[in-house]
> 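Let me give you the structure first, and then I'll get to my questions.
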Amino acid sequence: MQHARMSSWIRRAAWVVAMGAATPAAAGAGGFTASQAEAGHGAYQRYCAECHQSALRGTGHGPALLGARFQSNWAERGADELIAYLRSEMSMAVPVSTHADVYTDIAAFILAANGAEPGDAPLHARDDTPVAALLADRTGDAERPRTGDVADERADDAAAGNDARDIWEGAAGVAEAALRAGRWVNRETPSLTPVTEALLDNPPDGSWLSWRRTRDGHGYSPLAQIDRDNVGNLRLAWAMTMREGSNQGTPLVHDGVMFLTHPGNVIQALDAATGELYWEYAYEHPPESRTLGGPTRNIAIYDDKLFLATYDAAVVAIDARTGKQLWRTGKADYSYGYTHTAGPIIAAGVVVSGINGCERFHADGCFITGHDPDTGEELWRTSTIALPGDPNDDTWAGLPPELRGGSDNWIAGSYDPELGLYFLGTSQAKPWLAASRGMTAEDAALYTNATLALDPQTGEMAWYFQHIPGETLDMETGFERVLIDVDGEPMLFTGGKEGFLWRLDRRDGSFRGLAETMPQDLFSEVDQETGRVTYRQDIIDAGVNEPIRGCPSIYGGRNWQASAYSPESGALVFPLHMLCMEFIGHEVELAEGAGGYGGESEVFPMPEAEGMLGRLVSWDVRTLEERWRHEQRAMFLTGVLTTGGGLAFIGDLDRYFKAFDVETGEELWQTRLGAPLHGFPVTFEADGRQFVAVQTGMGVFRLMTARQSPDLYQPSGGNMLYVFELVN
């Protein structure tokens, strides 16, 4: 069984190498064993894949560990240096008590993925054999993996005679078999009211029917049973252990049923009052399609269906009562890097969703799609990159369409039914540094780093506003769009990593104001009349391999942790990360199939913060002035939830879930949980009682938080859902 499984992932790794990497400079005998590489594969998936991707392609949080750049960096260096490097860099993710052999095993897996063949002699931490000498010649054709790689592994197991029988191979085999031993039988939920457009427009007070509860992105609930006076009486009602991974989800609650999304494209239906499980749905996906730890930030509900955007770039519909899959529609080829972190939003009866993984150069580029909720038919597809024939084609400096990367949609959008417009944010062009992508910071690269307004029935773009033209430092503004009427005027608010709060007229996208919510030194000019921002001249002139220092960092400023609006106070409440960086962009091959993020950064505390890295602020939407702020050592790592009880809930790195007075910023309550808090808190009503729910469990942010806050203990694992209620 071990060799059958190993052959499956070696085939996949070999195909990735053949598709995207140069042949190594030298071939050599094996310097590690097959068992080391197999153990390293498991350790890599557990500790490394969040930042470096399951297929080793790399992400914005960790470089690629295979291919030409990896091999050129390591060819002349010894295996001992690679192992030492892994131990140094991965010590934040690997528990202290883990045996040091884990780093040797991971090195063996990385070597195997780069084409090295296992041998009889094990790899040792003091082995100074040059990496180039360990890499085998990859000649011959490599089999491209099918979407059904999981089925391949099962076929391998069946060929080895394993089928459904338990085969004991020592303690590890017993433990693995125990994990497979569950025999839960799904059952139906109680009857559910069909979710209509009218219900989404005006949901019951006790429901949470969309990502930010309402499609205007407010993150606000009118429930007031829990308020300023009694919030101190909150106690744990129930909890649920969750799958491992980057736990950035948002539960939905409808008719007393909670739909909980886990990392791993898993959804559960539970009794919202008790935590009793009704059914569980697990989407079967190729392991290498999961990236950045597998966050699934939201799902959607409409009629009698749930809608999930999957790791392997598809959309699926699930029966909300039974958990049975009803249809699946592929949007793109995951092997090109396409994936999802954000889920769909229902707009005008259409399932609207974006896509990620657009950092690789491909002719398909990045796009938004609309699907029929009943059949899964793709109704329209709108490019988020200006292509030939588009009036803004010339903003890409003459690059051919297949070399225009980026403009991903990382966060779900918002919908205004009166205007009939769907609003979303796009991320920056990629690679991050303008010089790395064959452009300058003065080439706008539309429609990256922009707010787009689309007709959800046709996909037609009504208007756009680009926040930072020619973005070159990973300062994306691709986060939530909050729709608020200010003095009777329909406005849109959003914020990016640069720490600005932007206000636009959502009728036509005209600029209506900007506030700098934190110190920044990246822009030499911010025009308050037009919203035009200008980078420092040294940033505009920066070439590859030239360090740039500035504030805030690539983690923000603002990040995916969403703001929430309080209609009682007329303010937006949101967290900030008080961090700076030194950023370096690398040379990237300008060829189809290449691309990537092409940069790295060192993050450090913002000097002005004096060690207080977490800041929660309230900002008046009418005056664009700060109302209050709360500063603390621990960074805030969840979105914000505001309620009719005058409260703002948020969670932090130091494992505290807190409630603040939304008018004054006074901290009113806190409780300490088992792991740092993550995801988007929600509140709901079930059996006549108000509950507040929040998730825990770190993701790729641990790469940053472990460095910046080594004094705050961050346990590995700890993915949970905690649900609180009042105790009299």
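In this text the structure is predicted, and so the values were computed from the model without any measurement.
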> Under the side chain to side chain contact (heavy atoms under 4.5 Å, CB included) rule, collect the residues that match up with E589, sequence neighbours excluded.
A591, A594

> Return each pair, listed once, that meets salt bridge (Lys or Arg N to Asp or Glu O under 4.0 Å) where at least one residue sits in residues 461-473; pairs must be two or more places apart or across chains.
none

> Going by the angle between their ring planes, with limits at 30° and 60°, are F511 and W502 parallel, tilted or perpendicular?
perpendicular

> Output yes when D393 and R404 qualify as a salt bridge under the 4.0 Å nitrogen-oxygen rule, no when they do not.
yes

> Name all residues meeting the ring-ring contact (aromatic ring centres under 6.0 Å, His included) criterion together with H577; count only those two or more places apart in sequence or in a different chain, and write none if there are none.
F701

> Closer than 3.5 angstrom, by distance alone: can the side chain of S436 be matched with the main-chain N or O of V588 as a donor-acceptor pair?
no

> I'd like to know if the side chain of T517 reaches the main chain of L501, judged simply by a donor and an acceptor atom lying under 3.5 Å from each other, with no hydrogens or angles considered.
no

> Could you walk me through whether T384 and N409 satisfy the side chain to side chain contact (heavy atoms under 4.5 Å, CB included) test, starting with their C-alpha distance in whole Å, then the side-chain angles of each, then the deciding distance to 0.1 Å, before giving a yes or no?
CA-CA 9 Å; T384 57; N409 177 226; over 6 Å; no

> Spell out, as yes or no, whether a donor-acceptor pair under 3.5 Å connects the side chain of K331 to the backbone of G354.
yes

> Would you mind writing out the side-chain donor-acceptor pairs for residues 601-608 within the sub-3.5 Å range, not counting sequence neighbours?
none

> Look up atom CG in D416 and atom CG in L483, then write down how far apart they are to the nearest 0.5 Å.
6.0 Å

> Is there a donor-acceptor pair under 3.5 Å between the side chain of S407 and the backbone N or O of T426?
no

> Do S289 and D312 meet the criterion of a side-chain donor-acceptor pair at a distance under 3.5 Å?
no

> In the structure I gave you, are the side-chain heavy atoms of N559 and F479 within less than 4.5 Å of one another anywhere?
yes

> Any side-chain donor-acceptor pair under 3.5 Å between E442 and T440?
no

> Under the side chain to side chain contact (heavy atoms under 4.5 Å, CB included) rule, what do I355 and T369 come out as? Steps first, then yes or no, please.
CA-CA 9 Å; I355 204 161; T369 56; over 6 Å; no

> Run the ring-centre check on W380 versus F367 and record whether the distance is less than 6.0 Å.
no

> Can you say whether the rings of Y535 and F523 are parallel (under 30°), tilted (30 to 60°) or perpendicular (over 60°)?
parallel

> For a quick check under 3.5 Å, do Y447 and D390 share a side-chain donor-acceptor pair by atom type?
yes

> Considering residues, nucleotides and ligands other than E592, do more than 12 of their heavy atoms fall under 6.0 Å from its CD?
yes

> What's the verdict on side chain to side chain contact (heavy atoms under 4.5 Å, CB included) for L56 and Y44, showing C-alpha distance, side-chain angles and the deciding distance?
CA-CA 9 Å; L56 295 86; Y44 177 89; 3.6 Å; yes

> Output yes when a side-chain donor or acceptor of K497 lies under 3.5 Å from a complementary backbone atom of G557, and no otherwise.
no

> Regarding E587 and N545, do their side chains bring together a donor and an acceptor under 3.5 Å, going by distance alone?
no

> Compute the centroid of each ring, for F493 and then for Y565, and state whether the two points are separated by less than 6.0 Å.
no

> Check side chain to side chain contact (heavy atoms under 4.5 Å, CB included) between N73 and all other residues, then give those that pass, not counting sequence neighbours.
R69

> I'd like to know if R558 and E480 make a salt bridge, using a cut-off of under 4.0 Å between side-chain N and carboxylate O.
yes

> Under a 3.5 Å cutoff, is there a donor and acceptor pairing between the side chains of T451 and H467?
yes

> Give a yes or no on this: more than 12 heavy atoms of other residues, nucleotides or ligands lie within 6.0 Å of atom CZ of R532.
no

> With salt bridge (Lys or Arg N to Asp or Glu O under 4.0 Å) as the rule and sequence neighbours excluded, what pairs involving residues 510-520 come up?
D505-R512

> For a 4.5 angstrom cut-off between non-hydrogen side-chain atoms, does K430 reach R437?
no

> Without swapping roles, check the side chain of R290 against the backbone of P263 for a donor-acceptor pair under 3.5 Å.
no

> Between R506 (side chain only) and L421 (backbone N and O only), is there a donor and an acceptor less than 3.5 Å apart?
no

> Under 3.5 Å, side chain of E359 to main-chain N/O of G405, donor-acceptor pair present?
no

> Using modelled atom types only, decide if a donor and an acceptor are shared between the side chain of R212 and the backbone of S563 within a distance under 3.5 Å.
yes

> Would R360 pass as a cation-pi partner of Y336, given that its NZ or CZ must be under 6.0 Å from the six-membered ring centre and within 45 degrees of the axis?
no

> Can you list the steps and then say if R536 with D521 is a side chain to side chain contact (heavy atoms under 4.5 Å, CB included)?
CA-CA 8 Å; R536 298 182 337 227; D521 61 5; 3.7 Å; yes

> Return yes if some donor-acceptor pair links the side-chain N/O of T250 with the main-chain N/O of R297 below 3.5 Å, else return no.
yes

